[in-house]
Structure formats: structure tokens, C-alpha cells
Amino acid sequence: MAKRFFTFAIIAVIAVGGAYAHSDTRAWFADRLGLAKPAGANTQKASGKAGKAVRAVPVRVAVAGTRSVPVRLEGVGTVKARSTVAVKSRIEGQLIEARVREGQTVKKGDVLFRLDARPLMARLKEAEANLARDRVNHKKAISDFNRLKILSSQGYSPQTRRDDAETLVDTTRAAVRAGEAAVELANLNLDYATIRSPIDGRVGNLPVSVGNIVKANDTQPLLIITETKPVYVSFSLPERHIDALREKLAKGPAPAVEVITQASAKSVSGRLFFINNEVDMSTGTIELQGVFENANETLVPGQFARARVLMTMLDNAVVVPSRAVQINQTGHFVWVVDDKKKIQLRKVVTGPEDGAEVVIISGLKPGETVVTDGQLRLFHGASVIPQGAKAKKAPDDNSKKKPEKSENGGKAPTGKTTS
């Protein structure tokens, strides 16, 4: 009998403890999710040794500041060369000299290759000789025609011979023109023996070496030159921004575009110059292109890039660190520390992000202190020990920033500090 009574007593104690833990657990979740607390939650026990005060929670905080924040539209795209040229030979011949190296930067008009020009010189001399012969024949035909013209007018020569002489003049004149064209073509082929760069750019691989016979317009180019200054970046944005982008591009100046690649953490600045005339129906986006001077060749054609178009600036916007903003079923919120070091749950409306900070459109005022780390143990009305609060100022204020005095008599708080 005593053993059974002892068993019932243990079960009753466990049941009471479970109910108490369940009540505190519901209150804990309600504090973090911004819901209504269950009745009787978070009340201190006044009887016996259980009546202990809730300890203050150490948290890292920051002060909401104001500054100008850029509003940007961001998309993913690729870097494109403005022009790419596959250099081929226009004539057939033996390659006797290469004046370019792989990866070299060349200018328009620089000599790249030379072909053996001796056969071309011989053809030029032959064409010049034929032209000289045709000119002599044409000159003699003109003289014969003038003489027969006089004799025919006096009745000493038949009209047919005069007509034949006139025809010969026209024939030799045509031969002279053909000879001049042959000389011009021979000179052109001789000029083609020296292959020059058609654009400014950077040279790729050289698949052909000196001594090989190259063919006219062969399928394999001698080399490929890619223009790297300037370059284009093609990217896409949602179609809902078409009107705003076109209006901004039409009013001028062209919107600024910033590009970041995986190869470099630094952004490269350019300008928007092209908006496509159709929307991609499969993605609901429209293509845009920005032009970049690329003086240091930071952007390489073919790279993937993140492009951002600057649309406008928000002046005197309230900003806080992004890690201070939490989210629950009702939306975004922050934990605000009041003058008594008590916690308040404050619903906010967020705006664009800029780096590690986010704009607060409504719900928070400049100078208010928000929690940036340690939110897991917080609930509405909890006491906290703030650490790391620093007053923030707008970027145009050149004065040195002074840390706020802490509540412990002006001494610096312990632990790491973040702003």
C-alpha cells in the first residue's frame, strides 16, 4: 500500500512540473514570434526560495542612423566584347614572319604576319608590262584612226576602213583599262602579303607557325583578336521596370551601372546605353546592356557578372544593420532597447539594402537603439545589458564619431563591440 502511494506521488510531481514547463515554453515562443502571451506567463514567484528575479540578457546593439542610400536594380549577365575578329589571309602563300605573340595587346594597323611576297612582285611586274604594251597599241590605233578619218573625208579611203580603225581604238582602250585593273589587283595582293590588325584588342592563341603555307580565307584563322577596351555587359531585369528604365534613359544622363565579377570584389562603373525592344516570354525579363571603358581590363569577355543599375537616391533614410531585422508571421520587426534597458518588439517596414545595412521606411526613428546580436533569448519587456552601441552619423558629416557613454559610469562595456 505504501509503495503504491509513493508511485502516485511521483507521478503527480512530474505532472505539475510538466504543466509549469509547458506554460513557460509557450510564453517563450510567444515572445519571439510576437504573439499574445498565455495568461499567467512570465510572472515571478513570490513565495519561498523560488522568487528569483530574471537575469538581464547581454546583447549587442547599434543605433539607427540616417544617410543617403542608393536604390538599385540588380541582375545577372555576361561580359561581351564589342568586336571579335578572326584574322585570315586573303591570299595563298608561305608564312615567313610573325610579329605578334599570344596574349599580346595590339593596335589597329600593327603588323601581325608577313607572307612571301616574291611571287606577287613578279605578277605585278608582268601586269605592268602588259599595261605598257596595251597603252602603246592604243596610241597607235588612235593615230591610224585619225589618218583614215582624213583620207575618208577626201574620198581616198573607204568608209569601212575608217570604221575598222575606230573599232580598234575602242578595243585597245578597253585593253588598257583591263591592264590597269590587273596592275591594281597585283598591288592589292602584294599589300595583302602584309597582314595587319584591323582593330585594337588582345591576341588569342596562334595555331599557325612560321614556315607553313596558308590559304586564302582558310577555315582556320591565323589568330583571333578580341576588343577589350571598351566592353559590354549584357544582363536582364524584370519587365515591370521597363517604363522607369526607358524614362530615365530618355531624360539623360544615362543611368550608372556597377558590375561585380567573381574574379574581383571591386565594382566597375559604366553607363547604360541599350534596352532591348522585346521581352523574353520564357523568363519575363528584358535585356539591357552597359558599356564600360575597362581601362585596366578588369572585365574579361565571357565572364559572369552581377550588374546594378542606379535608379535614384533616398536622402536621409533611416538605416540599421541588416542582422538587426527579424521576421515572423506578421512581417519584419526589430528589438528596440529603451532608456531603462528594457526590450520592446517593434514592427517595421523595410526598404532596399545597401551593403550590410537596410533601410527602415517606417517603425523606427533615428537615434533609437536596436539589438543586432543575442535576439534568441529576448522577449517583450526583458532587461538587457547593451554592448557595442555607437552613435551613427550621416556620411557628409566629417566630424569624428564619439562613442556614447554607457550606463556603467562611462566605462567601456566588456566583450566585442560592433556598430
Side-chain angles (χ1 to χ4, degrees), residues 65-84 199-200 227-261 264-320 322 348-364 366 392-398:
T66 59
R67 65 181 179 88
S68 297
V69 178
V71 178
R72 300 184 177 96
L73 302 178
E74 185 170 339
V76 178
T78 55
V79 181
K80 294 183 178 180
R82 190 170 69 169
S83 60
T84 300
I199 60 171
D200 297 343
E227 187 175 8
T228 57
K229 302 177 185 179
V231 293
Y232 296 155
V233 174
S234 175
F235 60 99
S236 298
L237 291 177
E239 60 178 307
R240 65 178 179 271
H241 301 300
I242 293 178
D243 292 340
L245 289 167
R246 285 181 174 173
E247 182 180 358
K248 193 165 184 63
L249 189 62
K251 289 182 177 180
V257 181
E258 290 185 354
V259 163
I260 300 177
T261 63
S264 176
K266 292 184 178 181
S267 62
V268 182
S269 299
R271 58 181 177 83
L272 184 70
F273 80 99
F274 171 75
I275 301 175
N276 204 353
N277 57 359
E278 61 180 358
V279 174
D280 187 346
M281 297 194 312
S282 61
T283 61
T285 59
I286 189 167
E287 181 191 9
L288 294 89
Q289 288 189 8
V291 60
F292 299 81
E293 294 299 329
N294 202 27
N296 298 326
E297 297 189 15
T298 305
L299 302 178
V300 180
Q303 277 184 316
F304 286 98
R306 290 190 297 111
R308 299 184 299 180
V309 182
L310 178 61
M311 298 299 294
T312 186
M313 294 290 293
L314 294 178
D315 296 327
N316 297 322
V318 180
V319 293
V320 296
S322 300
V348 295
V349 178
T350 60
E353 293 189 15
D354 184 36
E357 294 183 322
V358 62
V359 174
I360 303 299
I361 297 177
S362 64
L364 196 66
K392 292 187 177 181
K393 297 181 180 181
D396 55 352
D397 189 352
N398 296 324

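Values below: all heavy atoms of this structure, side chains included; hydrogens, waters and symmetry mates excluded.
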Practice prompt. Taking the side chain as every heavy atom from C-beta outward, state whether M311 and L245 have any pair of such atoms under 4.5 Å apart.
Written response: yes
In this structure, CG of N296 is separated from OG1 of T228 (nearest 0.5 Å) by 11.0 Å
Could you tell me whether the side chain of K80 reaches within less than 4.5 Å of the side chain of P301, counting heavy atoms only?
no
Exercise for review: Report yes if some heavy atom in the side chain of N294 is under 4.5 Å from a heavy atom in the side chain of P230; otherwise report no.
Suggested key: no
Nearest heavy-atom contact between V79 and A305 is CG2-CB, 4.4 Å
| request: Give the C-alpha distance, both sets of side-chain angles, the deciding distance and a yes or no for side-chain contact (heavy atoms from CB on, under 4.5 Å) between V358 and V320. | output: CA-CA 6 Å; V358 62; V320 296; 3.9 Å; yes
When every non-hydrogen atom of A81 is compared with those of E227, the smallest separation belongs to CB-O, 3.5 Å
Heavy-atom nearest pair, P255 first then L249, reads CD-CD1, 3.8 Å
Tested for side chain to side chain contact (heavy atoms under 4.5 Å, CB included) against R67, the lone hit among L314, V318, D354, D315 is D354
>> With a 4.5 Å cut-off on side-chain heavy atoms, are F235 and V257 touching?
In response: yes
Heavy-atom closest pair (T312 atom, L310 atom, distance to 0.1 Å) is O-CD1, 3.6 Å
Rounded to the nearest 0.5 angstrom, the OG1-CD distance for T78 and Q303 is 10.5 Å
| query | Within a radius of less than 6.0 Å around CE of M281, do more than 12 heavy atoms belonging to other residues, nucleotides or ligands occur? | reply | no
Rounding to 0.5 Å, atoms OG1 (T285) and CG (D280) come to a distance of 5.0 Å
Residues passing the side chain to side chain donor-acceptor pair (under 3.5 Å) test with S234, sequence neighbours excluded, are E287
Quiz item: Is atom CZ of F273 surrounded by more than 12 heavy atoms (other residues, nucleotides or ligands) closer than 6.0 Å?
Solution: yes
In this structure, CG of L272 is separated from CD of Q289 (nearest 0.5 Å) by 9.5 Å
Rounding to 0.5 Å, atoms CD (E258) and CZ (R306) come to a distance of 10.5 Å
Any side-chain heavy-atom pair of T350 and I361 under 4.5 Å: no
Q) Any side-chain heavy atom of I242 within less than 4.5 Å of one from V279? A) yes
Residues at least two apart in sequence or cross-chain that pass side chain to side chain donor-acceptor pair (under 3.5 Å) with R246, listed by chain then number, are none
One should read off an interatomic distance between I275 CD1 and H241 NE2, to the nearest 0.5 angstrom, of 12.0 Å
E293 meets the side chain to side chain donor-acceptor pair (under 3.5 Å) criterion, sequence neighbours left out, with none
